[in-house]
Amino acid sequence: MMSSSCLHWSTVSSVSFAMFLLLQLPQLVSIDAFAPSRSPKSSSSFPYSTTALGLRVAYQGVPGAYSEKSTRELLGDNVIAIGRPDFESCFQAVASMEVDYACLPIENSLGGSIHENYDLMLRYDLTICAEHEFRVQHCVLAKEGVKLEDIKYAISHPQALAQCDNYLRGLGIRPIPTYDTAGSAKMIIENDLPDNCTPENTCAIASDLAGRTYGMNCLAKGVEDDDSNFTRFLLLGRKGVLQFLTQNVPAKTSVVFTLPNTAGALYKALACFSLRDIDFSKIESRPTSVSLLNYLKFRSQQKNNGSGKNKREELSVPRFRYCFYLDFLEGQLSSNSENALANLREFTDYVRILGSYPRGSRLVGPVATAVEELKTTVVDDPRDVSLLELPSDSDDGSTPLKIGILGFGSFGQFLAARMSQKHRVSCLDKLDKTVMARNLGVDFYPHFEMSNFLKDLDVVVLSVPMIDLEETVEMLPVDNLSGKLVVDVSPLNQHPKNILLQAFANHPDIDVLVTNPMFGPTPQRRGTVGVAASVINGSSGDVILSPSNAASLAEAANSLWEGRPIVYERARISNIQRCDRYLKIFEKARCQVVEMNSDQHDATTADAEFVTHMVGRLLDQDMLPPTPVMSKEYEALYDVAEMTSGDSFDFFFGMFKNNPRAKEHLSAMRENLASLERQLAAREAYLMAKDEMRKSDRQRLLAETRLLLQELARNGIADETAGMKKSSPPQISSLDTSQHDSSSSSSIELQDSNP
């Protein structure tokens, strides 16, 4: 990857990353990057304060990269610029408070936008504090004593070589692409060169800073073919500088938003600004990520809920959705901007302000104060290697996490079955779960050994019923949780989040992660072998394990995780790496990991979960007996009843008690059931009345038909008799007459019986 961070960025490969935060919340840990003192940190994660070491800023690349030069241009030579291997590690270093800021490129005048950084700004809750337009000037660097006429080969990043193509052709120098600009200078010094290249016949195309960093001569400067090569850098921090933007400071605001799939949507959005004479400096569209697309589907379902639309209409989110990135030339707090943004929210599905900051390399607020202090403060050599290392560099992610599960019921055992395969897992419960824990390869601690259980843990998972969560948290020895990640796995997120943040308010070194794994153990299906070879005790929700079925449970846990969603929010996280390692357990199990704030989660997912469990408990397995042949619809209902039967009533009661809309759902269920009963009763009464009317009409019709036939019969016989008398026909025997009368009578009777 090209560490210059400012040439042609369309070729930079994307760094894979987990799903980003859909509704960005302000950091709950409000820390001024340059305050005299900082909140205490975990000794295992942050052994020192960045303030004591000066202003620490991360950039992408190796020492001497264009990104480092841009950082020093903006913040001064005394800044401690720390190179990171990729863009995401820069974001992580700022979010985890290992550095104060990150200086990263966002667009280049020749290569266009760096889309990876746009995507990362959505995932991480960082704010733009300043911008800097950096002029790219390529230099020809060679070892001491080498002259320009001795050069046969030039090594550098492909885009740097392409931008100097005319110059190199004129000198007959053959370009050889490498991975990096500053890295190519390092390769010459270390004599790690391609074939036929030697330090005496090879030059590097890089910055003059790279030449000074590696002790190389600059044989020529500004050798690029186009002198309009500029890269715009952004300074990203945990806190913005909005409150320091006075009226005499020219400001710029960056926003990102999505639009509904309707005619004129973009026109309406832009009109919010143009009608108020607010000028734009940039607008660009970018495809949304999977996480944002899922969020928009949630919004679409919520918006169409109760509208009578079918499922296909509710999920009518186009396959291709775009984010629009907009920079406008005004501060966020001006009356014009406030009205424009309020108007924009009326037409959009999602809006986030990425930052409001001064234009053109101007610094305000704590950033400006820190830079001024650096000019007069004597600091250690900012290029000292010991200052450029971060605590996270020593953690390669291969060391297993030490995970403690507090509450070893059915769900705790389900989690342990998977987590214990790669990590060291221990558990604690009020009941004796020694046998179950041993069969799963988990260390069991009784309830009175809480301190020993918490000792040396990295992660503490609270797998207790939500109605017992507050009492459980109050019993925890808070001092023993210092420097640990506390994870909640309740079906609701807002209530556990409030409890944990309130309980640990005076202990900011305790990280809090709220999650809702929307899957769990499946009880054995009657008449079958069972999805998970486990037996559920309905009263306690415990899985009764034996050595023979423990392995089956572990195997079933693997299959039951794949493709299932887990929703989470980083309520308060300082050690990003540890949090990401915990979430990677679910990612590696191929779960759908979705980041969503607690309010939005409880307004959508939690309601759906409550209704699902309510329906499952109403149906129960006794109402749905297994049949040899089941339709897809019947099987789906059976699965709902089967899965919800594995959860204890305390679990369901916790969902009811802490969901403010639970009673509304129960009332709606009663009303819907009563409405359905009324509809059935009305239809039944209608059909009965209709049947009675049919019977009454049939009897009347039969009577009328009988009278008509009798009348016709009498008239026909009378006419026949009169005719016979007139023509004196031969006398008919009494036998024939009786037969005729009998035939007529039989015909009439037949007509009566068959209307």
Side-chain angles (χ1 to χ4, degrees), residues 402-420 423-481 484-492 495-496 499-500 502-504 510 512-517 520-521 523 532 534-547 549-550 553-554 557 613 644-658:
K402 298 176 183 177
I403 303 174
I405 301 177
L406 201 160
F408 207 54
S410 60
F411 192 74
Q413 296 171 36
F414 178 75
L415 292 176
R418 173 78 191 196
M419 294 179 175
S420 60
H423 302 275
R424 180 181 170 183
V425 179
S426 58
C427 66
L428 182 142
D429 199 276
K430 294 180 179 179
L431 303 178
D432 185 6
K433 305 291 181 70
T434 306
V435 177
M436 304 171 191
R438 185 190 309 120
N439 292 334
L440 287 173
V442 174
D443 298 328
F444 174 75
Y445 289 84
H447 195 259
F448 57 83
E449 292 191 18
M450 178 73 75
S451 298
N452 291 333
F453 166 71
L454 295 175
K455 186 178 180 181
D456 297 331
L457 288 180
D458 298 312
V459 181
V460 179
V461 179
L462 303 179
S463 180
V464 296
M466 194 157 44
I467 59 174
D468 299 332
L469 179 62
E470 188 169 4
E471 180 182 354
T472 302
V473 172
E474 290 176 354
M475 294 174 58
L476 291 175
V478 180
D479 293 338
N480 292 350
L481 293 174
K484 293 177 173 56
L485 171 64
V486 178
V487 181
D488 177 74
V489 293
S490 300
L492 296 177
H495 179 66
I499 291 176
L500 294 174
Q502 184 177 357
F504 307 145
I510 301 177
V512 177
L513 177 70
V514 290
T515 68
N516 177 16
S534 57
V535 181
I536 303 297
N537 184 321
S539 60
S540 63
D542 293 336
V543 180
I544 304 175
L545 291 176
S546 64
N549 66 17
L553 178 60
H613 282 261
T644 55
S645 66
D647 296 316
S648 65
F649 183 77
D650 286 345
F651 175 85
F652 180 67
F653 182 75
M655 299 175 66
F656 165 78
K657 182 180 178 181
N658 298 290

To the closest 0.5 Å, what do you measure between [atom1] ([X]) and [atom2] ([Y])?
X	Y	atom1	atom2	value
S426	Y445	OG	OH	5.5 Å
L440	R438	CG	CZ	11.5 Å
L457	R424	CG	CZ	8.5 Å
N516	D488	CG	CG	9.0 Å

Given L462, which of V487, V514, L500 fulfils the side chain to side chain contact (heavy atoms under 4.5 Å, CB included) condition?
->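 Between L462 and the candidates, side chain to side chain contact (heavy atoms under 4.5 Å, CB included) is satisfied uniquely by L500.
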
Which pair of non-hydrogen atoms, one from [X] and one from [Y], has the smallest distance, and what is that distance?
X	Y	value
A503	V473	CB-CG1, 3.5 Å
G409	D429	N-OD2, 4.1 Å
I405	G412	CD1-O, 3.6 Å
S490	L469	OG-CD2, 4.4 Å
F444	K433	CZ-N, 3.5 Å
P477	L454	CG-CD1, 3.7 Å

Any pair counted as side-chain hydrogen bond (donor to acceptor under 3.5 Å, both in side chains), so long as it reaches residues 453-472, sequence neighbours left out |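 Checked against side-chain hydrogen bond (donor to acceptor under 3.5 Å, both in side chains) - neighbours excluded - no pair reaches residues 453-472.
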
Can you tell if the side chain of P517 reaches within under 4.5 Å of the side chain of F411, non-hydrogen atoms only?
-> yes

Contacts of type side-chain contact (heavy atoms from CB on, under 4.5 Å), residue H423, not counting sequence neighbours = P400, L401, I403, I585

For N480, check side chain to side chain donor-acceptor pair (under 3.5 Å) against everything at least two apart and list the hits.
->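 S451.
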
M450 vs L476, side chain to side chain contact (heavy atoms under 4.5 Å, CB included): CA-CA, chis, key distance, verdict | CA-CA 8 Å; M450 178 73 75; L476 291 175; 4.0 Å; yes

Full working for side chain to side chain contact (heavy atoms under 4.5 Å, CB included) between M419 and V442 | CA-CA 10 Å; M419 294 179 175; V442 174; over 6 Å; no

